[in-house]
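Every number for a ligand or one of its atoms is a count from 1 in the order of the listing.
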Amino acid sequence: GRRSAEVVRRGKEEEGGEGKKVKVEKLDVKPPKGTRDFPPSLSRQQTWLFSHFHAVSKSYGFSHYDSPILESTSLYTRKAGEEVTEQLYSFLDKGGRPVSLRPEMTPSLARMVMGLKPTLPIKWYSIPQCWRYERSTRGRRREHYQWNVDIWGVEGEAAEAEVLAGMVDLMRSVGLTSDDVGIKINSRAVLREVTEKMGIGGDKFASVCVLVDKLEKVPIEAIEGDLKDLGIGREVVEELLTVLGSKTIDDLAEHVGEESEAVRDLRSLLRLLDFHGVSDWMVFDASVVRGLSYYTGVVFEAFDRTGNLRAIAGGGRYDGLVETYGGERTPAVGFGFGDAVIVELLKDKGLLPDFERGTVDYCVAGVEGPEDGEAVRAAGILRGKGMSVDLVLEKRKMKWVFKHADRIGARKVVITGGEEGERGECIVKDMDTGEQVAVKLGEL
Ligand SMILES: Nc1ccc(Br)nc1
């Protein structure tokens, strides 16, 4: 665990210390491992990014929802070997109930929709903080905020096209182009058709997808045992990889036939995406499967074309999820878009605005300090006009006031009291131009 320095200070008389040494644990000021603080500069950056998530969601007519960060662990007990269920941040509550910090939002969405039974279709979005208990050895983050966008109740690829167009609009809104980012598109129907032809049972399909997704990241030896447990030998893997290596949809059709569901889905989707004007962003990639077990159809992931970063966002169709919770089959499509990789990419591209300093419309100070009621009155007048005002709350030298105004990004400074105050006026200084004018308080 973390060692925090021990500080020794002399106990005071009243502590019966008589000079005895009293040990006080010095607080470890870092946030818990793998988590982040959001001091004002980072909070402004997060607010800026989320404002784009909210704006795109609004422009697509999506409704915001939220749910507790804490869920019953039973929501995540899928047995498909996914990272997201193997790294649960879980514990027993004081009632002995197994609970977890949500690792993803979709199960909570399923729980809510199954409970509320809203009229479908629904288009909902949220920006939840999600957690994983990552083994500290890899030093990866244990929390992130993830914009979730989902459409439930729509069978056709128009739903996939809609959420993909929204993802592209988000990228455009923060200054990225299709030269910076691509979105790999595929359908799990490819894997389903090929494994069915090979006689691999449908009940193993979800686990096969998770393993094939891992195959993209680790050498086959690392998961050969798991594949064998599913009855998948090396020769079957080789055949799978041949199909997943298809470079175009036409190549894919060579392997699985023009009438394949995957080929039909993908052709229809790419046609719709062309109408959305986002074809330049799309890259067919038959090897994309994504790591969540519950995807059943089209899957996709946004990537930076330099290849330096991990996936920016990912999602797909998951018509079978509600059934795994004992409900009816329900068409559903959605994606998750994390708050970390996108920021790294924007930094690399020089597109991340500077949030080091905040902004405020006015800094107001009275020569005599807050006792100078005029300063308080001036602040009230300005706030009444919808201005943001930082009121200096102690008696300070004017030199300090102007330094403070610069530090907090004030556009203008109002000084009350002094000679001008005698005449019922105050000084207003424009911090940008340096221009100073005397103004009657009532005319602020
Ligand atoms: N699922 C998940 C949760 C938290 C982080 Br950081 N990454 C992925």
Proximity to ligand 1 by part of E143, non-hydrogen separation under 4.0 Å: backbone
Min N/O separation P103 to ligand 1 under 3.5 Å: yes
Listing, residues 349-357 side-chain donor-acceptor contacts under 3.5 Å, not counting sequence neighbours, or none:
from	atom 1	to	atom 2	distance (Å)
K349	NZ	D180	OD1	3.3
D354	OD1	E356	N	2.7
R357	NH1	D406	O	2.6
R357	NH1	D406	OD1	3.2

Basic-acidic side-chain contact under 4.0 Å: R36, D339: yes
E224/R234 ion pair, N-O < 4.0 Å: yes
Nearest-contact summary for atom 7 (N) of ligand 1 - protein heavy atom, Å: R132 NH1, 3.3 Å
Subset of ligand 1 atoms that lie under 4.0 Å from at least one heavy atom of V84: 1 (N)
Cation-pi geometry met for K429 and F402 (6.0 Å, 45°): yes
For atom 4 (C) of ligand 1, the protein heavy atom that lies nearest, with its residue and separation: C130 O, 3.4 Å
Ion pair check, E104 and R78, cut-off under 4.0 Å: yes
